[in-house]
Amino acid sequence: MSQFTFDTIGLIRSPYKEKFAIPRQPGLIEDGGGELELIAPYNQPEAVRGLEAFSHLWIVFVFHQTMDGGWRPTVRPPRLGGNARMGVFATRSTFRPNPIGMSLVELKSIETKGGKVILKLGSLDLVDGTPIIDIKPYLPFAESQPQARGGFAQDAPLADMHVSFSDVAQQQIQQHQQRYPHLQRFIQQVLAQDPRPAYRKGESEDRIYAVHLLDFNVRWQVKNGITEVIDLNSV
Ligand code: SAM
């Protein structure tokens, strides 16, 4: 047997509506949580019985937005500035022989109402609509390895871009305070990772970037090494 077919068992609802600016791993920022909704015939409360006792889960998913891009034996990890090449299996690149990803995420709660099974999740690294093919509880006794070596990814990636907000952006954030109490912190932490492509980082800085986060098109600019959020408009 050399080919397999898997079913989508659930879908992710995430604040990241496009790939651009998504953190490279889960848990890198405080906000950015979402939901995993199981789909029929897997949306049975029995299928998650006992799961609520685990604080973290592995979710296994398909990189559905890049899966048509194929794979190469070496890739250029953004973490190495986009120059050095590493073997695909030494990286978490989305362009893999089988476009499968796995993320360790916090499980906040489980809702099983009205024929739905919804897992509420902490900080994600997945785009909205990502198809899930499996869920497994994280087993700290076997999987926590504090002494492990992390290769070229030993330390958390830098997220040290200074982010300021224009007056307009601050007023707009204020208007959505009730629905999104941590909106400013969320945007700040996403942009502090400097999601611009590596080859743009040295360029002169007139370019305006935009990304769809939550219900907003967020626009920003980098000037003298500082990110300024220009505005955010409802999409
Ligand atoms: N934690 C997972 C892993 O290690 O397998 C994913 C790591 S991968 C580097 C995370 C990146 O994948 C995100 O920053 C985003 O750009 C991209 N991504 C997220 N969801 C995706 C999807 N459904 N299809 C393609 N790319 C996706």
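Quick caveat: nothing in here was measured; it's all calculated off a predicted structure.
Between Thr130 and Leu124, the closest side-chain pair of non-hydrogen atoms is not below 4.5 Å. Residues Leu213 and Leu232 fail the side-chain proximity criterion, which asks for heavy atoms closer than 4.5 Å. Contact check for Phe6 versus Pro131: no side-chain heavy atoms found under the 4.5 Å cut-off. A 4.5 Å side-chain heavy-atom check between Phe216 and Gln172 finds every atom pair outside the cut-off. In this structure, the side chains of Ile135 and Val48 stay at 4.5 Å or more apart for every pair of heavy atoms.
Checking side-chain atoms of Asp128 against main-chain N and O of Ser14 turns up a donor-acceptor pair under 3.5 Å. When atom types are taken as modelled, the side chain of Ser166 and the backbone of Ile230 share a donor-acceptor pair closer than 3.5 angstrom. Between the side chain of Gln145 and the backbone N or O of Ala142, at least one donor-acceptor pair lies under 3.5 Å. Counting only distance, with no hydrogens or angles, the side chain of Gln193 and the backbone of Val190 share a donor-acceptor pair below 3.5 Å. When atom types are taken as modelled, the side chain of Glu52 and the backbone of Gly50 share a donor-acceptor pair closer than 3.5 angstrom. A donor-acceptor distance shorter than 3.5 angstrom exists from the side chain of His212 to the backbone of Leu214, with no hydrogens or angles considered. Glu143 contributes a side-chain N or O that, together with a main-chain N or O of Leu139, makes up a donor-acceptor pair within less than 3.5 Å.
Annotation: side-chain contact (heavy atoms from CB on, under 4.5 Å) contacts of Gln170 (sequence neighbours excluded): Phe165. Asn43 pairs by the side chain to side chain donor-acceptor pair (under 3.5 Å) definition with nothing, not counting sequence neighbours. Taking Arg149 as the reference, nothing meets the salt bridge (charged side-chain N to carboxylate O under 4.0 Å, His left out) condition, with sequence neighbours excluded.
Using a 4.5 Å cut-off between side-chain heavy atoms of Ile, Leu, Val, Met, Phe, Trp and Tyr, with links allowed through other members, Leu121 and Tyr42 fall into the same hydrophobic cluster. Connection of Val222 to Leu191 is established within a shared hydrophobic cluster, with ILVMFWY side chains joined at heavy-atom distances below 4.5 Å, either directly or through further cluster members. Under the 4.5 Å side-chain heavy-atom criterion for ILVMFWY residues, no single connected hydrophobic cluster contains both Ile59 and Tyr16.
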Please set out all donor-acceptor pairs under 3.5 angstrom arising from side-chain atoms of residues 103-118, sequence neighbours excluded.
unit_1, atom_1, unit_2, atom_2, d
Ser103, OG, Asp125, OD1, 2.7
Ser103, OG, Asp125, OD2, 3.4

In a table with atom names and distances, give each donor-acceptor pair under 3.5 Å that connects a side chain of residues 62-69 to protein atoms at least two apart or in another chain.
unit_1, atom_1, unit_2, atom_2, d
Thr66, OG1, Thr94, OG1, 3.3

Residues 21-38, side-chain donor-acceptor partners within the protein, below 3.5 Å, at least two apart:
unit_1, atom_1, unit_2, atom_2, d
Glu30, OE1, Arg185, NH1, 3.1
Glu30, OE2, Gln189, NE2, 2.6
Asp31, OD1, Arg185, NH2, 2.7
Asp31, OD2, Arg185, NE, 3.0
Glu35, OE1, Arg13, NE, 3.0
Glu35, OE1, Arg13, NH2, 2.9
Glu35, OE2, Lys120, NZ, 2.7
Glu37, OE1, Arg13, NH1, 2.9
Glu37, OE1, Arg13, NH2, 2.8

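Nearest heavy-atom pair, Met161 versus Gly225, reported as atom, atom and distance to 0.1 Å: CE-O, 3.6 Å. When every heavy atom of Met86 is checked against every heavy atom of Thr91, the shortest pair comes out as CB-CG2, 3.7 Å.
Around atom CZ of Arg72, no more than 12 heavy atoms belonging to other residues, nucleotides or ligands sit under 6.0 Å away. For CD of Gln147, the number of neighbouring non-hydrogen atoms (other residues, nucleotides, ligands) closer than 6.0 Å is greater than 12.
Using the six-membered ring where Trp is involved, Tyr209 and Phe20 have ring planes that are tilted, between 30° and 60° apart.
Rounding to the nearest 0.5 Å places CG of Asn224 at 12.0 Å from NE2 of His162. Put simply, CD1 on Ile39 and CG on Asp7 are 7.5 Å apart, with the number rounded to the nearest 0.5 Å.
The closest side-chain donor-acceptor pair between Gln175 and Gln177, if any, does not fall under 3.5 angstrom.
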